[in-house]
Every structure is written in structure tokens, then in C-alpha cells.
Amino acid sequence: MMYQEKYHQIERMLRACTSEEDILLTTGGDHADLASTIAFKLAKIEKRAPQKIAADIAEKLSGNPELGDVRVEATGPYVNFRFGPTLLGEAVREAIEPGYGALQRRSGRVVLEHTSANPNGPLHVGHIRNTVIGDTLARAFRKAGHSLEVQYYLNDMGRQIAIVSWGFDHLDIPREEGEKEDHYVARVYVAANREIEKNPIITEEIDHLMQKVERGDAETVTKFRRAVYLCAEGIKATLAALNAHHDRFVWESDFVRIGDVDRIVEQVRRLPQAHEDETLWVDLTEQGFEKKYILRRSDGTSVYSTRDLAYHTWKARNYDRMIDVLGADHKLIGAQLRATLGLLGEKPPEIVFFEFVSLPEGSMSTRAGKFISADELIEEVAAKAYEEVTARRPELPEAERFAIAKSVAIAAIRYDIVKVSPEKSTVFNWKAALDFERQSGPYIQYAHARACSILEKAGEFERAYHYETDHEVALARHLAKFPVAIEHTMQELRPHLLASYARELADLFNAFYHYDPVLKSEGETRNSRLALVDAVRNTLKESLETLGIDALRSM
RNA sequence: GGGUCUGUGGCUUAGCCAGGACAUAGCGCCGGGCUUCUAACCCGGAUGCCGAGGGUUCGAAUCCCUCCAGGCCCGCCA
């Protein structure tokens, strides 16, 4: 927390010194630990050269004993602050502590919903972008001191599920030997869709099934639930393989069953913006939406939006803060949901959108059976990882090589996804997915394993905290910023910030490793460098774990 | 057509919301480094009118406007 304390302290001092509220304090990049461009702003007001103003501010502040081990100087128009050796030592000392990066406990319960893919097939490479973003955010929130529950909203009454259920009833498709549940369900779903294309009458049967489910017809409900349960088993296995965890699976049909959907429909009907003709819909033109927001079909059944409204109303009443991770295809419906909740006087969720993942040949489609499943991806990447481990560490027992390969594969997959900003649409790329070199998860794992290896060989040592080489200083400065990286990731809901932080730390450590020998150095230098390696090890471990990646001690 | 996101070296990408110091890094390419703490590594080099054009500003990749290109959305699907 040294960095944040110094930030706030310098902020206060600059405010006092300039009588400005916004003192334009930023991380100084290569030039400094903190830097301010306040002189530009004051130049206009005072009609003096910014260089002179910066020099005056530096002069005034440098005499202040409160500054302690921070050096201040004006470089041209910039006021630069640099941490001295005592502070850097303190940063390293902090970074060695177990759990480094955790922030102060925060009050309030947060609910985060992610993945929530329809249970009509396995998760594919598009769905797991949602999973990785959501799970990483969940980990960052917990690390930042939030009490959090992670939910998967399981759609067990949509048209897709009706189609699957119809398929199980009318098509004789046996499950193959060893076939995973969700892949089996997808086969039934694809086959049923082909039947519907051949014979559109089936659509009416599907409609009929959906009406029965909405009425709570026991037999139909059981059939739907059985199909959904089967598929969810497969999905859960994939999520577990990806190190992603949900605290609760919320079944959509529960909101119909317990009457919440009826209640929300009644509330909506009382809204001045509500209209009822053959359907019930909300007019959101005042909120900037042209489209009718339909909440009841002409046959009286509810739609996805109705149940979603009920779900979010329930969340709003049971949690202090709601976060949803959704694909960009949900932007309109998500905005309509927020607007309608607003009209109802309910708290709207915060929504994290991510853009689409497509295949080189076009967008994915479960219905057309056109997708790369997450399971296939994991299998391919793990196979390549096993080859790599075997080539590098032939002496290790097979079980150990296998375990390492599994961790390396998940690291590669998760990092490859999380490192890209969510607002960027991507095209799935096998070459990139199978790359274990720089800017990859395994690259960061490797830096961690190196640090572990050095410490293991070092044995007992007495910690010292004295740093002077460029590589040592750069590392210590970066270690100090880890809590800030956690905070920004959480505040901005942008998990890729943490991915960048971890990669930069690994970069700096690798350079240090090459130039500054640790075990071969002596005395205080050796002890200081060992403490630094330990701090890097711990910070890499905390970063990796927040990214949902195993911090391997050996690879 | 309307909405929305994106456009940064051959490819991928950070920075953009909170404008400032030489635009971040990877892949690929060229060249170098393993009797030395795990080479899944490190170092050096070439490659950029930050999509185009206007504007605001002392200062624009970053803010505003227009245009161009691409993704996604615009269902009584979810």
C-alpha cells in the first residue's frame, strides 16, 4: 500500500502548494514514479512559463520533510517524483507478504453473473470469452475485498430447450460411448433443427411445448429440466477445467414457478409506458429506443426479457451491486432491461460487454453445429503442452508432466483471451492459442517457476532490501504498483489490465535474471536480490491466481 | 437505413473514458547470446502520415464533427 499512500500524500501536498483541486498527477512512466503536468495549467492562469512554474513547485516541495524518501525535481515543465531506496525496500518487503495485493474489506454484497450460455450444447470458444472475463473479474473483486456471489443464469425454458426436449422425444439418437453430456445434447439439438427445417409443422409442436411449460405442466417441465440438467453437467465440467467457479446456478423457470414473472408483468402493466394489444409491450421511445420491448406473447407466454426482468428485480433486492458479463449481441436488450428497471424504480445492473469471437470462416452457430468447443480447444492445447513439457523435462514422471501440461494449457487459453480488451472483436486463431511464448500465460508461469527454483536453491538467507541496479529498481517500482493494478481492474471492470500488469512484471524479472546474478552474488547484495526474487515470486503468484492460472513451482 | 463497438508497423496488440515528455509490446523478418540461478529466456536491428479530413487546445493516438471500412444488434429467439 506504499504506492497509494505516497500518491495521496503527494496529491495533498500539490494541492496545498498550487491551490488547484485537480493537480494532474499520473504515473510517470519511465520518467518517474509519479508525475504532474500541473505547470501547463498554471502557466495559462499565471501567464508564466510552465518550466519556471514546475521548477518553483519542485523547489517548494523539496524542502518539505513530509516528503520523506521521495525525490522531487522539475524536468522541463514536468514535476517528477521518484521513490528513494528506503521506499523501494519497503515496497519489496510488502510484496513478500502472503496475500499481497489484497485491498481493504468492503461492505455490501455483489452478485456477478457470467457465462450463462444456453444449455443446448457445449461451451464454445465464444462463450469462454465470457467465462474468462467474468471469472477474472470475480477473482479481482474478491482480492479487492468484496463479498461476492457468482451466478450462472440457466435458461431452462427457452425455445432452444423446447427443441432439445422435442428431439429427445421424437428422434432416436442414443448417446455414444464416452460422449460428454453437453456434446450429446448438441447433437440432438442440431438433428431436431434439421427436422424443423424439413417440416415446419414441428414449430407448432414446439410452441405447444413452451405453452405447457409456462403453465407448469408437470411432465413437460420434467422433460425440459432433465435435458437442461444433462447439458449443464457437461458445461460444469468444462467450467471446472477452465478454473472458473460459480457459486450458484439460477434456474430461469423458478421465476415463473414462484410467481415472480406474473408479479413483474402486473407491475409493468401499471406503467404509463405499457401497452396491451395482442401482446404486452413497453414503449421506451422516451428512453431512446425505437423498438417495442415485448414482455408477453399473444399466446400469453412470457419471453426471455420478462424472466430476465424478474431475475434482475430479485437480484436488486438481495444484493447491493449487480454486474452482468454479456456478449455484444445483448447490448440492445441489456439497455432496454436497464431502462425498464428504471421505470419500475428498481436498481439496474452494471453490464460488462465483450465483442464477438468468430471463426476465420464466419460466426459460430450451435444450431448449425458450426463451432469450436471449449473442450476441443482444451484438449488440443493440452496435447501440445504435453509435447512441450516432455521435450523440456523428459526426466519427470509422466503423471507430473501431464499435470504441468494441463495447467500450462489452461494458462495459455485463459491468458490468450483475457489479454485482449473486451471491446475488441476477435477471430479465433489456432496458432495464437497454441503459442506458449512471450505475451502468453505459460511465459508468466515460467517466470514464476524460475523464481521458485532460485529460492529453492538458495536455502536459508537473511533478508535485506538494498537496491541500486537499473533492473532491481525497475522491478521494485513495478512491484509497488500491484495493489493499484488490482484496484483499477476492479473499478474499471477491465480484467485485461491485470493481464498486462503480470506480463510486464515477468518481462522485468526476466531481464533482471539475465543481468543481475542472484545466487552468485554475495553478502547484502545476495540477500537483497533473494528478497527481491521472493517478492517477485509472491506477486506473480498472486497475479496468476487472480487470473485463474496455476502458479506452477516447476515446469 | 438506424444504433453500437472497432480501425495503431506485414500480422496481433497496449495506451483512448480522466489530452502532455521519444506511441506499448508480441509474432514474423535480419543479426547475436546456453561448460554460468530452468533458452517456455535475453540483447541488438529494420518496419508506424496511430483509417481519412476538419475542428478545439500552448499541446491530440487520446476530446468534438464529418466521412470511409469492418464486426455486432435492430424476432411474439435467447
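Every chain is numbered from 1, with letters handed out A, B, ... down the list of sequences.
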*In terms of ring plane angle, is the pair A/His127 and A/His124 parallel, tilted or perpendicular, where the classes change at 30° and 60°?*
parallel
*Does A/Gln439 make a side-chain donor-acceptor contact with the base of B/rA14, cut-off 3.5 Å?*
no
*With the side chain of A/Phe40 defined as its heavy atoms from C-beta on, choose the nearest nucleotide among B/rC27, B/rC41, B/rC58.*
B/rC58
_Toward the 5' end of RNA chain B, by each residue's nearest nucleotide, A/Arg503 or A/Thr37_ = A/Thr37
*Name the nucleic acid region contacted by A/Leu24, choosing base, sugar-phosphate or nothing; use a 4.0 angstrom heavy-atom cut-off, strictly under.*
nothing
_B/rG19 pairs with, by Watson-Crick or G-U criteria that keep both distances under 3.5 Å_ = none
*May I ask you to verify whether the side chain of A/Asn510 and the base of B/rA39 hold a donor-acceptor pair under 3.5 Å?*
no
_Side chains of A/Ser305 and A/Gln336 only: does a donor on one sit below 3.5 Å from an acceptor on the other?_
no
*So what's B/rU38 paired with, Watson-Crick or G-U wobble, going by both distances under 3.5 Å?*
none
*asked:* Suppose we define a pair by two distances each less than 3.5 Å, Watson-Crick or G-U wobble; what does B/rC77 pair with here?
replied: none
*Between A/Thr426 and A/Ser453, just flag the one whose closest nucleotide in RNA chain B comes earlier from the 5' side.*
A/Thr426
_Is the ring pair A/Tyr501/A/Phe482 parallel, tilted or perpendicular, if the boundaries are 30 and 60 degrees?_
tilted
*If you check the A/Ser363 side chain, which of B/rA21, B/rC72, B/rU6 turns out closest?*
B/rC72
_Any side-chain donor near an acceptor of the partner, A/Asp308 and A/Thr306, under 3.5 Å_ = no
*Which nucleotide in the list B/rC76, B/rC37, B/rC72 gets nearest to the side chain of A/Thr279?*
B/rC76
*Can you tell which of B/rC74, B/rC58, B/rC37 lies closest to the side chain of A/Lys291?*
B/rC74
*asked:* Pairing check on B/rG9: which nucleotide meets the Watson-Crick or G-U wobble criteria with it, both distances under 3.5 Å?
replied: none
*Under 3.5 Å, is there a donor-acceptor pair between the A/Tyr189 and A/Arg367 side chains?*
no
_Nearest to side-chain heavy atoms of A/Lys431, which nucleotide of B/rC27, B/rU38, B/rC41_ = B/rC27
*Do A/Tyr443 and A/Asn510 get their side chains close enough for a donor-acceptor pair, meaning under 3.5 Å?*
yes
*When you get a sec, tell me which of B/rU57, B/rC17, B/rU38 is the closest nucleotide to the side chain of A/Glu492?*
B/rC17
_Would the base of B/rC76 count as contacting A/Glu278 through its side chain, where contact means a donor and an acceptor less than 3.5 Å apart?_
yes
*Within the structure shown, what part of the strands sits under 4.0 Å from A/Tyr515 by heavy-atom distance: base, sugar-phosphate, or nothing?*
sugar-phosphate
*For the side chain of A/Lys424, starting at C-beta, report the closest nucleotide among B/rU38, B/rU13, B/rC76.*
B/rU13
_Donor on one side chain, acceptor on other, A/Asp550 and A/Gln445, under 3.5 Å_ = no
*Is a donor-acceptor contact shorter than 3.5 angstrom present between the side chain of A/Ser425 and the base of B/rC72?*
no
*Out of B/rG26, B/rC73, B/rG15, which nucleotide sits closest to the side chain of A/Ser421?*
B/rG15
*Mind checking the C1' distance from B/rU24 to B/rG9? Whole angstroms is fine.*
13 Å
*Confirm from the modelled atom types if A/Glu290 and B/rG2 form a donor-acceptor pair under 3.5 Å, side chain to base only.*
no
*Nearest of B/rG33, B/rC43, B/rU38 to any side-chain atom of A/Ala511?*
B/rC43
*Which part of the nucleic acid does A/Glu504 contact within heavy-atom distance under 4.0 Å: base, sugar-phosphate only, or nothing?*
nothing
*Mind checking A/Arg494 for me? I need base, sugar-phosphate or nothing, with any heavy atom below 4.0 Å counting as a touch.*
sugar-phosphate
*Which nucleotide sits closest to the side chain of A/Leu519: B/rC5, B/rC72, B/rC37?*
B/rC37
*B/rG20 pyrimidine/purine six-ring stacking with A/Tyr78, under 5.5 Å and 30°*: no
